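I have placed the structure first, in the form of structure tokens, so that the comments after it can refer back to it.
Since we're looking at a predicted model, the values are computed, not measured. Below, chain A is the first sequence line, B the second, and so on; all start at residue 1.
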2 protein chains.
Amino acid sequence: MSPRGRPRAFDREQALTQAMLVFWERGYDGASLAELTAAMGIKPPSLYAAFGDKESLFREAVEHYQSAHGRHTMRALTEEPTARAAVEAMLRNNACAYVEPGHPKGCMVVLAATNCTPANASVWEFLAASRDNVRRALRERLRRGVEEGELAATVDIDALGALYATVFYGLTMQARDGVSLDSMMTVIDLALSMWPGNGGGAASTVDTAPSAP
Amino acid sequence: MSPRGRPRAFDREQALTQAMLVFWERGYDGASLAELTAAMGIKPPSLYAAFGDKESLFREAVEHYQSAHGRHTMRALTEEPTARAAVEAMLRNNACAYVEPGHPKGCMVVLAATNCTPANASVWEFLAASRDNVRRALRERLRRGVEEGELAATVDIDALGALYATVFYGLTMQARDGVSLDSMMTVIDLALSMWPGNGGGAASTVDTAPSAP
DNA sequence: AGGATTCTGTATCGCTCGCTAAAGAAGGTG
DNA sequence: CACCTTCTTTAGCGAGCGATACAGAATCCT
């Protein structure tokens, strides 16, 4: 039951990966069709036949990114046994992913369209919605932590969620600006040292400068 | 001693302000000459005569931004009496500035060129250098805090500086994504609650959900 | 006044953008 | 084999980009 007509001469998945890398590094507007087709090893008509237009290709590239590199985030927030472990895993796994060799630094969902122009408004909203999903999942995980007795009922869920979201998105800027993984891990140490009910507070944590587990 | 020739028919400072607003919202690449000249109320030849080329105009716009809106940052880090007050003023003043009406949200130095393309590489480096200046000034202020006895000599200056830089840059993403000033202020409350030697730690701060001073 | 100088508006320039028409190439199906 | 379908290639479309040539207008200096 093979498809009729001339078979496709390139690997669609592989081409999509290359497109993702270009979008990741250049952003949506900054990635030109010329650079995309060159990286994918195909000509424009093949791209349009296989992926639609530039925006459709971008959306597929983002989904590919989320399943290949951003996977940690939602997995941590849904599968880790405790809220604290979830936040820690989310931050540490992403920090590691941000500086892996072989791809641009930082989070594609944050960096691929920071400016909203009339031309890319729908792309911006697409990424903004994804970022809001993370914020919502983070709050939800904290709420579950309260429900399960891990966190005191008096803890301000929204405030704590906003703090770790801020750190989360700040790490992407740090990574893109070339900050080392060690530095990011120490930032995460500090950010987690103020987890509610952690006891000692920040000072002791800073003084002993612990390393990541 | 007036200049010879036909006098300029527009206010250079005012035109620069309008250009700054366009770059702030659209980013360097996303701001077209058409939109810039329309906002400035002038035609392309006037722009090129007064500002050079697009990149020179952008650099001037960034300098204008830094003296008009980013002024708080370096002022706080150099003029506040204590390191803690400096960090707090830097974060709070910027959070307020990020959501002021009348201009785009978030920090222009962070948002105007997040992606580095061959065409805008020098612009990217210009902004990245400015961000590194903030990191350096932040570390320097903390180091001074140790020198003056405000912070214990055992405190890890680099780690603490990296943490507040991460929060600082994360706040810009939060602001651009529409997070409220209240939420950002609460994030700053939490981030400051783990200042070394703060005593109680985070839990009590979260429980009482204090408001900003 | 007359000339020198500088700014302004019109009308482009060459280039790159995202995208596509048209023809040839490679497979299946009779 | 002829025929149909689908992909690939070449070539180029209209639009928008950053930047400018040119002529006219406004000011100063002599």
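Rounded to an integer number of Å, the gap from OH of B/Tyr48 to P of D/dC17 is 12 Å. Remark: P of C/dT8 and CG of B/Asp11 are 12 Å apart, rounded to the nearest angstrom. In this entry the distance linking CZ of A/Phe23 with C1' of C/dG18 reads 11 Å, nearest Å. Here D/dC17 presents its C1' atom at 14 Å from CG of B/Leu47, a figure rounded to the nearest Å. Rounded to a whole Å, the CG atom of B/Leu36 is 12 Å from the C1' atom of D/dC17. As a whole-Å value, the separation of A/Arg12 CZ from D/dC7 C1' is 14 Å. Per the geometry, CE belonging to A/Met40 stands 13 Å off P belonging to D/dT9, to the nearest Å. Between the CZ atom of B/Phe10 and the P atom of D/dA25 there is a distance of 20 Å, given to the nearest Å.
You'll find that the side chain of B/Arg4 is closest to C/dT5, out of C/dT8, D/dA19, C/dT5. The side chain of B/Ser32 has D/dG18 as its nearest neighbour among D/dG18, D/dA21, C/dA26. With distances taken from any side-chain atom of B/Arg6 to the nucleotides C/dG18, C/dC7, D/dA19, the minimum falls on C/dC7. Of the candidate nucleotides D/dT8, D/dT20, C/dT8, D/dT20 has the atom lying nearest to any side-chain atom of B/Pro44. Nearest nucleotide to the B/Leu33 side chain, out of C/dC7, D/dA19, C/dG9: D/dA19.
Contacts of B/Ala31 with the nucleic acid, taken as non-hydrogen atoms under 4.0 Å apart, involve only primed sugar atoms and P, OP1 or OP2. The residue B/Ala9 sits close only to the backbone: its heavy atoms come under 4.0 Å of sugar-phosphate atoms, none of a base. Using a 4.0 Å heavy-atom criterion, one finds that B/Pro7 contacts the sugar-phosphate atoms exclusively.
Only one option out of A/Arg136, A/Arg144, A/Arg143 pairs with A/Glu140 in a side chain to side chain donor-acceptor pair (under 3.5 Å); it is A/Arg143.
Aromatic ring pairs are classed by plane angle as parallel below 30°, tilted from 30° to 60° and perpendicular above 60°; the pair B/Trp195 and B/Tyr164 is tilted. Classified by interplanar angle (parallel below 30°, tilted 30° to 60°, perpendicular above 60°), the ring pair A/Tyr98/A/Phe168 is tilted.
Annotation: cation-pi pair B/Arg8/B/Phe10 present, NZ/CZ under 6.0 Å from the ring centroid and within 45° of its normal.
One finds no side-chain N or O of A/Ser46 lying less than 4.0 angstrom from the OP1 or OP2 phosphate oxygen of D/dC7. Between A/Lys43 and D/dT8 there is no side-chain N or O to OP1 or OP2 distance below 4.0 Å.
Taking every heavy atom of both residues into account, A/Cys96 and A/Met185 meet most closely at SG-CE, 3.3 Å.
Between B/Asp53 and A/Arg8, the one whose closest nucleotide on DNA chain D sits nearer the 5' end is A/Arg8. Mapping A/Gly5 and B/Glu55 onto DNA chain D by nearest heavy atom places A/Gly5 closer to the 5' end of the strand. With DNA chain C read from its 5' end, the first of the two nearest nucleotides for A/Pro45 and A/Ala34 is the one closest to A/Ala34.
Listed by first and then second residue, the salt bridge (Lys or Arg N to Asp or Glu O under 4.0 Å) pairs that reach into residues 66-75 of chain A are A/Arg75-A/Glu80, sequence neighbours excluded.
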